[in-house]
Every structure is written in structure tokens, then in C-alpha cells.
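Accompanying notes for the structure given below.
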Amino acid sequence: MADNLFALTRRRVVEALSRIVPDLPSEIAARVEVTPTRDPAHGDMATNAALLAAKPARRKPAEIAAALATALSGLDGIARAVPAGPGFVNITLSPDALRAVVPVVLAEGIAFGDSAIGHGTRINVEYVSANPTGPMHVGHCRGAVVGDALANLLAKAGFGVVKEYYVNDAGAQVAALAWVVYWRYLQALGTGLSEAAFETLVPGGALQYRGDYLIPLGRALAEQKADTLAGPGLTAAAPDLWFDSVRDFSLAWMLREIREDLALLGVRHEIFTSEREILARGVADQAIDRLDAAGLLYEGVLEPPKGKVMADWEARPQTLFRATQFGDDVDRPLRKSDGSNTYFANDIGYHADKIARGADVLIDVLGADHGGYVSRMRSAVAAIAASYAASGSVAFEAVICQIVHVIKDGQPVRMSKRAGTFVTLRDLLEEVGRDAVRFTMLTRKPDAQMEFDLDLAVAQTRDNPVFYVQYAHARCRSVLRAAAETPAFGDVTASGLATAGLDDLSSEPELALLRRLSHWPRLVEGAAEAREPHRIAFYLNDLAGDFHALWNRGRDDATLRFLQAGQPDATRAKLALVEATATVIRSGLAVLGVTPVEEMR
RNA sequence: GCGCCCUUAGCUCAGUCGGAUAGAGCAACAGCCUUCUAAGCUGUGGGUCGGUGGUUCGAAUCCACCAGGGCGCGCCA
């Protein structure tokens with residue numbers, strides 16, 4: 001039996017259909033679907049094949065459906081196939097065909113559901129990429145979890161995945177960071193300089209990043225360097241004396257903090273790419289030169305944005321990239337008026353680097369505030385792929401993560417450091433724990449705003465999906481532990497149960513659970529193609545629901561309890577189902593990066 | 001003003017490249033512990049899928065326009 005009942009059945013449907021409609025166009029055949037039915041009265045699966053074939057065949061859908069139903073009815077594992085509605089064919093599988101999923105799951109373990117639809121296509125998933133100027137906060141967290149789960153999901157679906165973090169360590173923000181840390185350093189030394197006086201020295205005339213979190217950096221720097229970076233009398237020294245070392249010290253510190261936060265969240269990037277390094281290696285310049293050589297750059301003047309007040313706007317010639325040739329609304333500037341690169345220009349270099357390292361698809365997981373950036377990056381990737389990719393083309397995709405509103409006691413939490421309400425990722429982790437954070441962040445479509453209810457995330461109730469799914473897994477493990485104590489039940493490990501006879505599994509709630517398990521490979525493929533890891537969380541919630549329902553039916557009907565004293569064969573069949581359920585839950589939790597719970601007491 | 005995203009039950013949200021009578025949880029009401037975990041389960045009620053047109057065998061889904069919410073709009077990242 002194939003891993004994926006739906007894929008197998010689909011092949012059979014297409015085969016039968018092509019006999020009924022001999023000159024079936026291949027593009028029609030490609031659109032044939034075999035889907036789970038919404039209504040159990042419609043059987044296990046339905047196909048739209050006859051509806052699709054009707055037009056090219058110039059025959060009535062019902063007529064083709066009838067023929068298709070007849071053809072399918074005789075096949076092994078199909079108990080019944082009947083035409084229905086406007087031209088569907090409803091398929092009811094034999095119980096044996098449903099049961100066959102169990103030994104497959106037990107043999108494959110959490111690898112069950114692995115798919116080959118990715119065909120090894122190399123996908124680079126870039127996520128988090130928080131600026132190393134401050135601690136990670138709740139906003140970064142969603143992108144981190146979504147990106148990580150998406151990467152896991154794509155890997156499970158057979159893509160060759162690279163998880164990457166882009167460190168923006170070259171811009172003006174990093175310079176601003178260095179200035180603040182230097183100020184904290186002088187303070188730690190006990191400078192007599194006033195903050196106002198110091199600010200007159202700062203480029204731009206004002207300190208940024210005023211949060212207390214930089215005070216420890218100043219202290220550490222003071223311990224490490226004593227007063228060697230300060231001017232006479234603990235005043236500010238000339239920047240060329242201290243700037244590089246303070247900047248490097250600060251970057252290293254912040255990046256270490258970020259990596260620690262990510263580790264606590266269970267996120268592990270394979271590659272950290274430094275913007276400074278991209279610049280130092282000349283990657284950005286080279287990418288821009290190639291765009292220039294391709295005739296895609298010019299000096300021009302952009303129209304002022306309409307409907308937005310820009311007090312200091314004036315017409316200026318700039319180096320522009322012809323993004324409009326690739327579908328963007330407007331051409332985009334690559335150089336600031338001081339001649340340095342825009343963020344976009346450097347990012348072109350970075351994306352060129354990702355392509356040069358070998359990627360067929362680039363996915364950027366971005367916050368909602370970067371939504372306006374997508375069209376220009378897509379244009380740039382299309383333009384540079386021609387000269388960096390062996391195939392000459394690379395797809396660029398963006399997964400946009402909307403804002404997270406934190407709710408506590410039914411009220412929105414105001415993000416305020418002064419008020420002591422938490423803002424950082426670390427606080428969130430301490431409050432609800434890693435698994436709850438990850439799972440909860442994945443219970444919404446990425447591009448929909450979400451409310452993160454702190455109380456719900458740790459609640460031990462049905463409406464908390466984290467708990468509900470974990471509870472189902474714990475119950476599975478509990479039964480298996482109990483079974484292991486009765487020698488008459490035999491070997492109740494996964495491998496021991498893989499050979500169990502399953503004929504006893506015939507009640508409706510058991511069949512419903514089998515059906516759900518059989519959906520898993522199909523669900524993985526759909527979620528991966530749609531880049532929607534939240535579907536995994538919803539599936540697990542449904543699967544847990546089927547299991548809890550079966551569990552409770554055992555209260556009314558003793559024959560549905562998993563452990564049947566004196567009936568080792570029936571018990572082993574049920575235990576195999578329990579083990580398979582636990583395994584698929586673990587398979588899904590692994591994608592989400594959530595640890596399964598063995599016991600809840 | 002322009003672009004992108006969103007609008008589904010009282011609330012929070014699913015809804016499979018267009019598929020059958022639009023689903024789940026919460027809240028409300030009625031039931032289920034002599035039992036492998038009642039931290040759970042079962043049932044009932046609840047909908048002009050923001051609005052109006054269009055495309056077709058079929059639209060919550062695709063297209064156009066409109067209303068409401070979010071994000072963005074040269075030298076920030």
C-alpha cells in the first residue's frame with residue numbers, strides 16, 4: 001500500500017478516466033483531484049474527474065461519472081464508487097485499505113508524511129533577520145516561528161532547504177548603536193559629560209536606542225578597556241580612536257543575545273550572512289555592475305509620492321534600477337545622495353549571493369511593515385537571476401507576517417518598558433514556555449493579524465490547541481505504558497505492533513481516526529505548496545479531536561477501550577492504532593518544532 | 001491619491017490550485033465519571049461568507065466596482 005492513499009487513488013482515477021475518455025487532454029488530467037469528503041455520507045474520497053472531462057469529451061458529466069464509478073468499483077481496496085451530485089464520484093474505501101495506513105506509519109515513524117513533491121528543489125528560507133541593535137521582541141517572534149516551521153515543512157515535503165539569517169550590520173543603525181554604547185561606556189566610567197553635551201557630538205544630533213538594555217554593554221566595555229577609549233578627563237574621544245572597536249564589540253554582544261533568544265525558541269539557522277561581509281567581498285558592487293551592464297540602471301528623477309506629505313522633498317537625479325521592467329510600479333533608487341548604497345542596493349547583492357550559492361527559490365519571511373518592499377525585491381531577483389543562476393531563473397516569494405497583539409486578562413498588553421509590561425521574546429518565553437509560543441504562533445494564517453492570548457496559551461483546556469494536542473499524545477503514551485505492563489499483550493513497541501492483525505478496527509470512531517491518519521501525507525504536501533505551516537497545527541487539532549472522541553466512546557462502549565483483558569489480538573490492533581496516532585502527532589509537532597509531552601499529571 | 005493584505009456564527013478563527021447542505025473552538029442550553037487521564041466527550045441552537053454586479057455546469061474562493069480595517073509609498077532598515 002502506498003504511503004499516500006490519495007495520491008494512489010488519484011492515479012487510479014486518472015487511469016480509469018483516460019480509458020473512458022481516450023483522448024483526454026493532459027492539462028485536464030493534471031487538474032483531477034481526489035479529496036477527502038466533507039460529509040462522511042459521501043464516502044471517504046470524492047473526485048471531480050468527470051466534471052473536468054465532460055467539456056473536452058463533449059459528454060454529460062453524469063454519464064462519465066457513471067462509467068468512472070463502474071470502473072473504480074472493481075478495484076482492490078475500493079468498496080464502493082458511486083456517481084453523485086453534478087458529476088462527482090464518491091469513493092468508499094474498504095476497511096482494509098484504511099487499516100493499511102497503520103503498518104506504514106509504524107514502519108516509517110515520524111518520517112511518515114515525507115513527500116517527494118519538492119524534487120530536491122533548493123529553497124533558501126530567510127527569516128528573523130532582526131537588526132542587531134536590540135533584543136528580539138514579540139514582533140520578531142512570529143516571523144521566527146513561521147519561518148522555522150515553514151522551512152521544516154518544506155524539508156519534509158522534499159525540498160532542499162537552507163535556513164538563513166541576514167545580519168544587517170553595515171547600516172546607519174549600527175553606527176547609531178555604537179554611539180549609544182559609547183555613551184553608556186562613558187557613563188560607566190563616571191564621565192562628567194552631560195548627555196546633552198554628548199549628543200551634540202553624535203551624527204544626527206541625537207542618541208537612539210535609549211533602552212536600558214545597552215547599559216550592561218557600556219559597563220562591560222568599561223571593564224574590558226578601562227578608560228583607554230575615552231578622551232582626557234573621561235570626555236568623548238575622537239571617533240577614530242574608539243568607533244570600530246565599540247561597534248564590533250556591540251555587534252558581537254547583540255548577536256550573541258539574539259542567538260541565545262533563538263536557541264531558547266528552538267530556532268537554529270544554518271547560515272548567518274553578514275551585510276558587511278557581503279559589501280567587503282564586493283558582492284553588492286558586482287551585482288550592481290551586472291545590472292548596469294544589462295542596461296537596467298540609469299540616472300533619473302522620480303516623481304514625488306502622491307498623497308503623502310514630504311516636506312523636504314526635492315527633485316534629484318538618482319541611480320535607478322528599472323524595476324518597472326519586471327513588474328514593479330516604479331523604478332527604485334540604489335544610491336543615496338551621499339553616494340552610498342541604499343538598503344535595497346545591498347540587499348540586491350545579498351540576494352545575488354544566495355542565488356550564487358545555489359538556490360532555485362528564495363523565500364523571505366517578512367514583517368507586515370516590509371510588505372511594500374516585496375515587489376522591488378521580486379523585480380531585482382528576476383533581473384539578477386539571469387546572470388547568477390545556472391538555470392537563469394529564480395523564484396522570489398515573500399511570506400508576510402502580520403502584527404501580533406498580546407492579550408492578558410482579556411486586555412491588550414501595552415508594550416511599555418517603563419510600565420514593566422514585557423516586550424521581549426525572552427519575557428514571552430518565560431511567561432508561557434517555548435512549546436506554547438511556537439504552537440500558538442502557528443494557529444493563524446501568517447498574513448492575518450493575530451491575538452496572542454497569554455492566558456489561553458497556558459490554559460489546560462479544550463480551547464487551547466497546544467494543550468489539546470499534547471493531551472492527546474500523553475493519553476496515547478499512557479495507554480501504551482499501561483499495556484507494556486501486561487505481558488499477555490506481547491511486544492507493544494512500534495515495531496512489535498507493526499505486524500499486528502487489524503481486523504478488529506471496524507467501529508466508526510476507529511475508522512474516522514484511520515481516515516484522519518491517511519490524510520497526513522496529503523496535508524503536508526498542500527501546506528508546503530501553499531507555504532502555510534499553520535495548516536499543520538489545525539490538522540493536529542483535528543487529529544487530537546478524533547482521538548479524544550474515540551477515547552471517550554470507550555466509556556459508553558467497553559468494546560472500544562484500547563486494553564481488552566483476555567483479548568490480546570483485539571488489544572494489539574487497537575494499540576497499533578494508538579501508536580500510529582501518537583506517531584503522526586509527533587510527526588506534526590516535529591514540523592512545528594514543538595516537543596511532544598509523554599505524560600500530564 | 002496609489003499599491004499590497006484583510007472582512008466568514010455574538011467572540012476568536014478554519015475553509016484543500018472553483019465543488020455537493022460553509023466548519024471548529026469559545027460563549028448559551030441539555031446530557032456523560034464503579035472505567036485506559038472528565039485537563040475530556042456527546043447533543044441543541046446560532047450564517048444575506050462586508051455590499052453590488054460579472055465569469056460558468058458550479059463562487060466564501062476568480063474578475064470589476066463600492067464600503068470598512070491594517071501596512072507601505074525617493075536618499076530608514
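Every chain is numbered from 1, with letters handed out A, B, ... down the list of sequences. The structure displayed is predicted, hence computed values, not measured ones.
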Side chain Glu451(A), main chain His405(A), donor-acceptor under 3.5 Å: no

Ionic contact status for Asp169(A) with Arg276(A), cut-off 4.0 Å: no

Nucleotide rC36(B), atom P - distance to CG of Leu575(A) in whole Å: 15 Å

Touch class at under 4.0 angstrom, heavy-atom based, for Thr35(A) against every strand present: nothing

Sugar-phosphate only, base, or nothing, as touched by Glu529(A) at under 4.0 Å among non-hydrogen atoms: nothing

Between rG31(B) and rG18(B) - P atom distance, rounded Å: 46 Å

Sugar-phosphate, base or nothing in reach of Ala172(A), heavy atoms under 4.0 Å: sugar-phosphate

Donor-acceptor pair between His351(A) and Asp364(A) side chains, under 3.5 angstrom: yes

Set of ring pair (Phe, Tyr, Trp, His ring centres under 6.0 Å) partners for His473(A), sequence neighbours left out: none

Between rC36(B) (P) and Tyr471(A) (OH): distance, integer Å: 12 Å

SB check Glu532(A) Arg535(A) (cutoff 4.0 Å): yes

Residue pair Met254(A) / Asn131(A), side-chain heavy-atom distance below 4.5 Å: no

Contacts of His534(A) that satisfy side-chain hydrogen bond (donor to acceptor under 3.5 Å, both in side chains) - sequence neighbours left out: none

d(CG, Asp557(A); C1', rC41(B)) in whole Å: 14 Å

Close approaches to RNA chain B from residues 50-68 of chain A, in residue order (heavy atom, under 4.0 Å): Leu51(A), Lys55(A)

Whether Tyr471(A) and His548(A) hold their rings parallel, tilted or perpendicular, with breakpoints at 30° and 60°: tilted

Between C1' of rU16(B) and CD of Glu525(A), the distance in whole Å: 12 Å

Interatomic distance where CG belongs to Asn131(A) and C1' belongs to rA77(B) [whole Å]: 6 Å

For atom CG of Leu251(A) and atom C1' of rA77(B), their distance in whole Å: 14 Å

Annotated protein contacts, base or backbone, on nucleotides 3-14 of chain B with a non-hydrogen cut-off under 4.0 Å, one of B, S, - each: S-SS-----SSS

Arg531(A) and Glu397(A) ion-paired at < 4.0 Å: yes

Length of the line joining Glu508(A):CD and rC41(B):P, which is rounded to integer Å: 18 Å

Watson-Crick and G-U pairing of RNA chain B, under 3.5 Å, as dot-bracket with | and [ ]: (((((((..((((.....[...)))).(((((.......))))).....(((((..]....))))))))))))....

Electrostatic pair Arg572(A):Glu579(A) at N-O distance under 4.0 angstrom: no

Atom pairs, N/O to N/O, protein against nucleotides 23-33 of chain B, distance under 3.5 Å?
none

Under 4.0 angstrom between Ser478(A) side-chain N/O and rC36(B) OP1 or OP2: no

Gln173(A) side chain, from C-beta outward: closest of rG72(B), rG15(B), rC76(B): rC76(B)

Ala482(A), nearest nucleotide to its side chain (from rC36(B), rC41(B), rG19(B)): rC36(B)

Closest-nucleotide 5' rank along RNA chain B - winner of Val32(A) and Gln318(A): Val32(A)

Atom-pair distance (NE2 on His548(A); P on rC36(B)), nearest Å: 17 Å

Nearest to side-chain heavy atoms of Pro86(A), which nucleotide of rG40(B), rC36(B), rG19(B): rG19(B)

Base orientation of rC33(B), syn vs anti, 90° cut from 0: syn

Geometric class of the Phe344(A)/Phe321(A) ring pair [parallel <30°, tilted 30-60°, perpendicular >60°]: tilted

Parallel, tilted or perpendicular: rings of Tyr166(A) and Tyr343(A) (30°, 60°): tilted

Touch class at under 4.0 angstrom, heavy-atom based, for Leu563(A) against every strand present: base

Interatomic distance at C1', rG15(B) relative to rG25(B), whole Å: 15 Å

Pair Glu510(A) + Arg553(A), salt bridge at N-O below 4.0 Å: no

Phe547(A) and Phe562(A) aromatic centres sub-6.0 Å: yes

Aromatic ring proximity, centroids under 6.0 angstrom, Phe88(A) and His42(A): no

Sugar-phosphate only, base, or nothing, as touched by Ala459(A) at under 4.0 Å among non-hydrogen atoms: nothing

Interatomic distance at C1', rG54(B) relative to rU16(B), whole Å: 26 Å

Sugar-phosphate only, base, or nothing, as touched by Ala46(A) at under 4.0 Å among non-hydrogen atoms: base

Aromatic stack Tyr373(A)/rG72(B): centroid gap under 5.5 Å, interplanar angle under 30°: no

Side-chain heavy atoms of Arg477(A) within contact of Val479(A), under 4.5 Å: no

Sugar-phosphate, base or nothing in reach of Glu314(A), heavy atoms under 4.0 Å: base

Given RNA chain B, 5'-ward residue of the pair Arg335(A) and Asn90(A), judged by closest heavy atom: Asn90(A)

